[in-house]
Amino acid sequence: MGTVMKLTSLTARQIRYYETQELVKPQRSDGNRRLYSLNDVDRLLEIKDYLDEGLNMAGIREIFSQKQVESEKRKEEQRKSLTDDDVRKILHDEILRAGGLQGMSSQPTSPLQKPF
DNA sequence: CTTCTTACA
DNA sequence: TGTAAGCA
């Protein structure tokens, strides 16, 4: 806990208050003590920045919705990676085809070529 | 000694 | 938001 306070430069009161506002959800362990993960600390730092910018509970919900947007974008990126894989295979096939049709045999490289 | 909860200011 | 009391 003290570690989180130092890492975030927030008071225990603030950290607990943000927890009641559902901004962070640390897991509990022995004796009902808060166990903060890296993600929780990162979110607290983000909250602090928003607070310094003047935002209150408004910016708080902004972050909550922002995470939903990120998760939605992840799905789009997954679709993109699949199409990229297809494009990659197509280009690969085209390169093989071009090289095969043009049997590059004994043609000494021009003297102007530099090692690269 | 540190953290947690509740509650008052 | 700070702080005090009482418990773990």
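A, B, ... follow the sequence lines: proteins, then strands. Residue 1 opens every chain. Since this is a predicted model, take the numbers as computed values, not measurements.
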Interface polar pairs with nucleotides 5-9 of chain B, N/O, under 3.5 angstrom:
residue	atom	partner	partner atom	Å
B:dT5	OP1	A:Arg28	NH1	3.1
B:dT5	OP1	A:Arg28	NH2	3.1
B:dT5	OP2	A:Arg34	NH1	3.1
B:dT5	OP2	A:Arg34	NH2	2.4

Please report the shortest heavy-atom distance between [X] and [Y], naming the atom on each side.
{"X": "A:Leu45", "Y": "A:Thr8", "result": "CD2-CA, 3.7 Å"}
{"X": "A:Ile15", "Y": "A:Val24", "result": "O-CG2, 4.4 Å"}
{"X": "A:Tyr36", "Y": "A:Pro26", "result": "CE2-CG, 3.0 Å"}

Where does DNA chain C form stems of at least three consecutive Watson-Crick or G-U wobble pairs, each pair having both distances below 3.5 Å?
B:4-9 with C:1-6

Would you say that more than 12 heavy atoms from the other residues, nucleotides or ligands in this model lie under 6.0 Å from the CZ of A:Arg28, or not?
yes

Is it true that atom CG of A:Leu38 has more than 12 heavy atoms of other residues, nucleotides or ligands lying nearer than 6.0 Å?
no

Value in whole Å for how far the C1' atom of B:dC1 lies from CZ of A:Arg33
10 Å

Write down the distance between CG (A:Asp30) and P (B:dT3), rounded to a whole number of angstrom.
12 Å

Can you find a heavy atom in the side chain of A:His92 that is under 4.5 Å from one in the side chain of A:Arg88?
no

Looking only at atom types and distance, does a side-chain atom of A:Asp40 sit under 3.5 Å from a main-chain N or O of A:Ser37, one as donor and one as acceptor?
yes

Among all residues two or more places apart in sequence or in another chain, which pass the side chain to side chain donor-acceptor pair (under 3.5 Å) test with A:Arg34?
A:Glu19

I'd like to check the side chain to side chain donor-acceptor pair (under 3.5 Å) partners of A:Lys25; sequence neighbours left out, ordered by chain and number.
none

DNA chain C: 5'-most and 3'-most nucleotides touching chain A, 4.0 angstrom heavy-atom criterion:
C:dT1 to C:dA8

Toward the 5' end of DNA chain C, which comes first, A:Gly31 or A:Gln14, by nearest nucleotide?
A:Gln14

Name all pairs fulfilling the side chain to side chain donor-acceptor pair (under 3.5 Å) condition that reach into residues 51-63 of chain A, sequence neighbours left out, sorted by first residue then second.
none

